[in-house]
Amino acid sequence: MVDPQNDFCPGGSLPVKDGDQVMEPLNRMMEYAKKNNWVLAASRDWHPKKTNHFAKYGGKWAVHCVKNTNGAKFHPALKVTKDVMVFSKGMLKDQDAYSAFQGYSKFGETLADYLKSYGVQELYVGGLATDYCVKESVISAIKECFKVYLLLDACRAVDIEPGDGDRAIEVMKQVGAILTTTKKVMA
Ligand code: VGL
């Protein structure tokens, strides 16, 4: 689960249209995953107050997901239980860190190391936002040799330019991601 955080949802500082609607399919997918004893992981943007990721310090974005703020919390509808390992990213002042694979757990482990330590070979990916962090995470995952299923109903795009989300999906498909939905996976 990529960055299912308040600031990327309606009412947040960098809202993605219908961003909150990914929580329900992600919750269902987590239940299914738990039944199958799959490994659960979530990334979160965890920025310092001042970072050149933010427009006011030379970057691209409104201030969002500043560590330890409400905006950085996981959306309250998402059932983040203790068995979800959290990977924080973008903690340096000069880092965008769009990819979940740039994150670290509270034990200092990277996502790739964590997943590989469990022998994980396939990932089911959803979250926010399709055209930034989901896309970059999927590209990293494929570089790390995971087989990637993109859960189309469980992600939403920023769409700064109309069509960005659809173009990102096409890129993910081109690099080898399998396009699917939570319903198809659970059927
Ligand atoms: C994201 C824009 C800026 C994302 C993060 O999670 O996709 N988008 N920072």
Side-chain angles (χ1 to χ4, degrees), residues 1-23 25-26 29 40-78 80 84-105 110-112 123-143 148 150-173 175 177 179:
M1 298 176 287
V2 179
D3 302 6
Q5 292 168 275
N6 284 330
D7 271 341
F8 298 128
C9 291
S13 65
L14 193 51
V16 172
K17 185 168 178 283
D18 296 333
D20 53 335
Q21 292 186 21
V22 306
M23 308 307 157
L26 289 177
M29 194 68 203
L40 299 172
S43 65
R44 64 180 181 187
D45 260 2
W46 201 245
H47 296 308
K49 257 194 209 160
K50 278 190 188 175
T51 160
N52 59 18
H53 182 57
F54 297 155
K56 65 178 187 182
Y57 304 110
K60 178 167 176 148
W61 304 104
V63 172
H64 64 277
C65 299
V66 172
K67 63 183 173 183
N68 300 313
T69 62
N70 187 56
K73 284 190 181 147
F74 291 122
H75 189 277
L78 189 70
V80 184
V84 178
M85 187 59 80
V86 175
F87 292 83
S88 303
K89 63 187 176 68
M91 295 177 286
L92 304 179
K93 288 184 169 147
D94 57 352
Q95 203 190 23
D96 291 315
Y98 293 120
S99 169
F101 286 83
Q102 290 173 278
Y104 295 89
S105 74
T110 65
L111 178 58
L123 303 184
Y124 293 82
V125 179
L128 302 171
T130 312
D131 36 358
Y132 289 91
C133 291
V134 172
K135 180 177 104 180
E136 293 307 321
S137 301
V138 165
I139 292 170
S140 308
I142 287 170
K143 281 189 190 149
V148 177
L150 177 66
L151 303 167
L152 292 169
D153 57 325
C155 47
R156 293 292 185 281
V158 184
D159 276 335
I160 292 180
E161 297 294 335
D164 279 354
D166 289 341
R167 281 187 288 275
I169 291 167
E170 189 54 34
V171 169
M172 291 186 267
K173 188 178 164 197
V175 297
L179 308 185

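We count residues from 1, following the sequence as given. Numbering of ligands and ligand atoms starts at 1, following listing order.
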Nearest non-hydrogen partners of Asp3 and Cys133, listed with the distance
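Here Asp3 and Cys133 meet closest at OD2-SG, 3.3 Å.
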
What heavy-atom pair brings Leu78 and Leu26 nearest, and what distance separates the two atoms?
CD1-CB, 3.8 Å

Mind telling me whether His47 and His64 have parallel, tilted or perpendicular rings, with 30° and 60° as the class edges?
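If you compare the ring of His64 with that of His47, the planes turn out perpendicular.
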
Plane angle bin for His53 and Trp61 - parallel if under 30°, tilted between 30 and 60°, otherwise perpendicular
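The rings of Trp61 and His53 sit tilted, inter-plane angle from 30° to 60°.
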
Tabulate distances under 3.5 Å between N/O atoms of ligand 1 and N/O atoms of the protein, writing both atom names on each line.
from     : atom 1 : to     : atom 2 : distance (Å)
ligand 1 : 6 (O)  : Asp3   : OD2    : 2.9
ligand 1 : 6 (O)  : Leu128 : O      : 3.2
ligand 1 : 7 (O)  : Ala129 : N      : 2.9
ligand 1 : 7 (O)  : Cys133 : N      : 3.0
ligand 1 : 9 (N)  : Asp45  : OD2    : 3.4
ligand 1 : 9 (N)  : His53  : NE2    : 3.3
ligand 1 : 9 (N)  : His64  : NE2    : 3.2

Heavy-atom side-chain contact between Met85 and Leu40 under 4.5 Å
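No - every pair of side-chain heavy atoms lies 4.5 Å or more apart.
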
Only one of Leu150, Val16, Val2 forms a side-chain contact (heavy atoms from CB on, under 4.5 Å) with Cys155, so which one is it?
Leu150

